[in-house]
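Working notes, beginning with the structure itself.
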Amino acid sequence: MGFMQFAVRRAAPVLGTAGIGAWATLTTINDEWDEYYTPSTAASSSDNNNAPPEKIVILGSGWAGLNALRKCAGPNKEVVVVSPRPHFLYTPLLAGSAVGTITLRSACEPLRAMVEAAAGKAASATFVRADAREVDVGNKTVRATTDEDGMELQLSYDKLVVAVGAAPNTFGISGVSDHALFLKEAQDSAKLHARLLSNLEKAAALIQHGHGDTVEKEIDRLLKVIVVGGGPTGVELAAELADFAHKDVVMRYGADVADRINIVLVEAMPRILAPFDESLANVARDHLQSRGVDVRTGVAITQVAEGMATFAPSTPRNASPEDKAKALAQAATEETGALVWAAGIGARPLVKKLAKSLGQTDLRGLKVDSALRVDGAEGVYAIGDAALSGCAPTAQVAAQQGKHIGRALRDGTDTPFEYKHAGSLCCLGSGNGIAQLLVPSGPGSFVWDLIGSDAVGPNGDQRTLTGAPAFVLWRSLYWTKLLSLRSRLSLSADWMKARFAGRDVVEPVLQRKPTISQPHERVESFGTSLRRSRTVKFVQEKAKDATRSKIL
C-alpha cells in the first residue's frame, strides 16, 4: 500500500504537467487562446455600452462561417447565423464515412451548440435554418427562405459575412448533375454509402445465383466505382474504397466479390495531387496502384449517363478545334455502378448573383481586398471558398480567414489577412499517408535530415513525410481540430471499431430492388451474401411470361 501511494504521489505531478502541456500545445496549434481570455482590443471596443448592439449576420456554417461565429461573439454584438444545414461538417472525414470507417455523427457538430456557446459571450446569438437567396447591399438586408416554396425572411445587418462555401463544379459536362454522386455534404456521403452496399448485395446475389453473359456484365458494372478528380478528396476516397474492398468486403461478402471490385481514379491533369510536390504525388500513385486502384491521368470525362461514363484524352483549354476533335475521336464509354464527382468547385448562386449586382466580372467568387472586404459593398466581407482572395480553396485557408474576420468584427478593426500555411496532408489508407510540412529553418532542422525527409517547395522550406508517420500525423492533427469532447470520443471509438471489428456495412436503405429487370432475367437482392444455400437457384420467370402472353 505504501509503495502504491508513493507511486501515485510521484506520477500525479508528471501526468498533470503532461496534460497541461498537451492542452497548451493543442490550444496553440489551433490558435484558440482567446477562448480563455478577453483580449484588450475586444474590451476597449465595447466601452460604449449605450450604443445599440451591432448586428452581425453570417451566411454559412462551414469552416469559414463557424470560425467567424466563434471569434466575433463579444459584448454588444447581436449575431445571426443563416445556413440550410443545422450542423458543421468536418469535411476531411467524409471519405471515411462513405465506406463506414466512421459514422456521420462523428463528422458533424450540432450548430446550435456552437451558437449557444457564442450567446454566452455576445448580446445575443441566433441560428436561422434557411437559404440566403439575395443580398441588398444598399439597404443592408438579406432575403432568405426556409426552402424553395417556404417562408421568406428578411434580415437586416450592420456587418455581413458571406461564407457560403462553394458547390461542386460540373464544368457543364452532360449528365454529371443528374447521374453522378458527390462528396461535398453529409447527405452525399450517406448516398454513396448506400449505393456501395446496395451494389455489393446485388453483385453477391448474382455471383452465387446468376448465369450468362448479361449477368457477368452486370456484376462487373455493379462492382466498378469511378472517382473523378485526383485531388486530396478523390485520392483519399479511392484509398478508403481500396481498404474497404481488401478487408471488409472479403470478410462480409467473400473473396469472389472483393476480387472483382474495380476502383478507377480519373484525373484530367498529367498527375494526381497537384498541390503536393511531384515526388509525393508519385508515392501516392504507386501506393494506390499497389492496392489495385486503376489510376488514369491525362484523361477527362466527357459525358455521364445512367450507369455509364465516357472517357477521352484531356486537352488544354487553349487547344485547337482540331486537337479537341482528335481527342473526342478516341472517346470510349464504360459501364459503372457508381461515379463520384470530386473534380473541382464552383461559386454558389448567391455568390454569382451578388458579384454580378456589384459589377464584378469574375463570377467564380466575390472580389475582396486585403482585409477580406467585398469590393463595392460597405460592411460586407467574404471568406473561404466564396471569396477571390488569392488563396487556395482549402479548409485551412477558410478556418484562418474565419478567425481573422471574427476577431476583426469583435475588436472593431480591419487589418490585412495574412495566411500562414502549415502544410498539406493526405491519407492513403492502410496505415499510410503523405505530408508536406512547412518547417522553419533553425538548429532543429537537422532532425529532418536524419529521418531522411526531403526538402521540397519553391524555397526548399518544406519537408516530406510518408508512410505510417504521415498517417499518424493525419489522424492526430484532424482529431485535434474537432470542436468537442463528444466528437473526439466518438471518432476515436469509430476508428477503434473499424480497426478491430470492421467497418459499418449496414445499408441505410431498407427497400429491395431488382438487380436485373429484363423480360427473362430478374434477381432480387436480399439475405446474406457470404454463403448462399445451394437450394436457391436462378430461375427464369416463365410462368409470368406465359400469363402475360395469354393476356396480350
Side-chain angles (χ1 to χ4, degrees), residues 92 94-96 98-102 183 192 196 199-200 203 220 223-299 311 334 336-340 342-343 424-437 451-454 456 463-475 495 498-500 502-503:
L94 273 181
V99 298
T101 304
I102 68 165
L183 201 61
L192 177 56
L196 293 172
N199 286 357
L200 283 169
D220 290 336
L223 296 180
K224 186 172 189 175
V225 183
I226 298 174
V227 180
V228 184
T233 299
V235 169
E236 289 182 353
L237 177 58
E240 287 281 2
L241 288 168
D243 279 2
F244 179 55
H246 281 275
K247 180 182 177 183
D248 299 271
V249 175
V250 173
M251 180 171 58
R252 304 296 184 190
Y253 297 88
D256 51 350
V257 177
D259 290 344
R260 296 184 65 169
I261 291 179
N262 185 8
I263 304 166
V264 181
L265 177 63
V266 180
E267 170 55 49
M269 300 298 288
R271 68 177 178 90
I272 62 173
L273 295 176
F276 288 79
D277 185 77
E278 187 173 0
S279 62
L280 289 176
N282 291 338
V283 169
R285 180 201 61 208
D286 294 343
H287 177 78
L288 290 176
Q289 290 176 338
S290 72
R291 301 287 287 172
V293 178
D294 181 5
V295 180
R296 305 180 188 178
T297 55
V299 176
F311 300 80
E334 299 179 17
T336 180
L339 185 143
V340 186
S424 302
L425 299 169
C426 185
C427 180
L428 301 179
S430 64
N432 280 270
I434 57 172
Q436 186 169 326
L437 308 174
I451 65 175
S453 175
D454 296 329
V456 296
R463 293 287 185 157
T464 63
L465 203 62
T466 61
F471 175 79
V472 172
L473 179 63
W474 185 93
R475 283 200 166 182
W495 279 339
R499 175 66 177 85
F500 296 105
R503 292 172 172 83

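Residue numbers count from 1 along this sequence.
Taking the side chain as every heavy atom from C-beta outward, I261 and V225 never approach each other to under 4.5 Å. I272 is listed as a side-chain neighbour of T297, based on a closest heavy-atom distance under 4.5 Å. Between V227 and L183, the closest side-chain pair of non-hydrogen atoms is not below 4.5 Å. Side chains of W474 and C426 form no contact here, defined as non-hydrogen atoms less than 4.5 Å apart.
Stacking of R503 on the aromatic ring of F244 is not recorded, the 6.0 Å distance cut-off and the 45° axial limit not both being met.
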Under the side chain to side chain contact (heavy atoms under 4.5 Å, CB included) rule, what do R291 and H246 come out as? Steps first, then yes or no, please.
CA-CA 8 Å; R291 301 287 287 172; H246 281 275; 3.7 Å; yes
How far apart are the C-alpha atoms of V266 and D294, what are their side-chain angles, what is the distance that settles it, and do they pass the side chain to side chain contact (heavy atoms under 4.5 Å, CB included) test?
CA-CA 8 Å; V266 180; D294 181 5; over 6 Å; no
When you look at L280 and L273, which way does the side chain to side chain contact (heavy atoms under 4.5 Å, CB included) test go after all the steps?
CA-CA 8 Å; L280 289 176; L273 295 176; over 6 Å; no
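At distances below 3.5 Å, at least one donor-acceptor pair connects side-chain atoms of D243 with backbone N or O atoms of S430. Side chain of H287 to backbone of L428: a donor-acceptor contact under 3.5 angstrom is found. Within the 3.5 Å criterion, the main-chain N or O of Q436 finds no donor-acceptor partner in the side chain of S424. Listed for the S453 side chain is a donor-acceptor partner under 3.5 Å among the backbone atoms of T464.
Minimum heavy-atom separation, D248 to G502: OD1-CA, 3.3 Å. Contact detail for N199 and G337: the closest heavy-atom pair is ND2-O, 3.1 Å. Considering all non-hydrogen atoms of both residues, V456 and S279 come closest at CG1-OG, 4.5 Å. Across all their heavy atoms, P232 and F276 have their closest contact at CG-CE1, 4.2 Å. Nearest heavy atoms, V293 versus A238: CG2-O, 4.1 Å.
The one candidate from N262, I263, L339, L265 that meets the side-chain contact (heavy atoms from CB on, under 4.5 Å) condition with I226 is L339.
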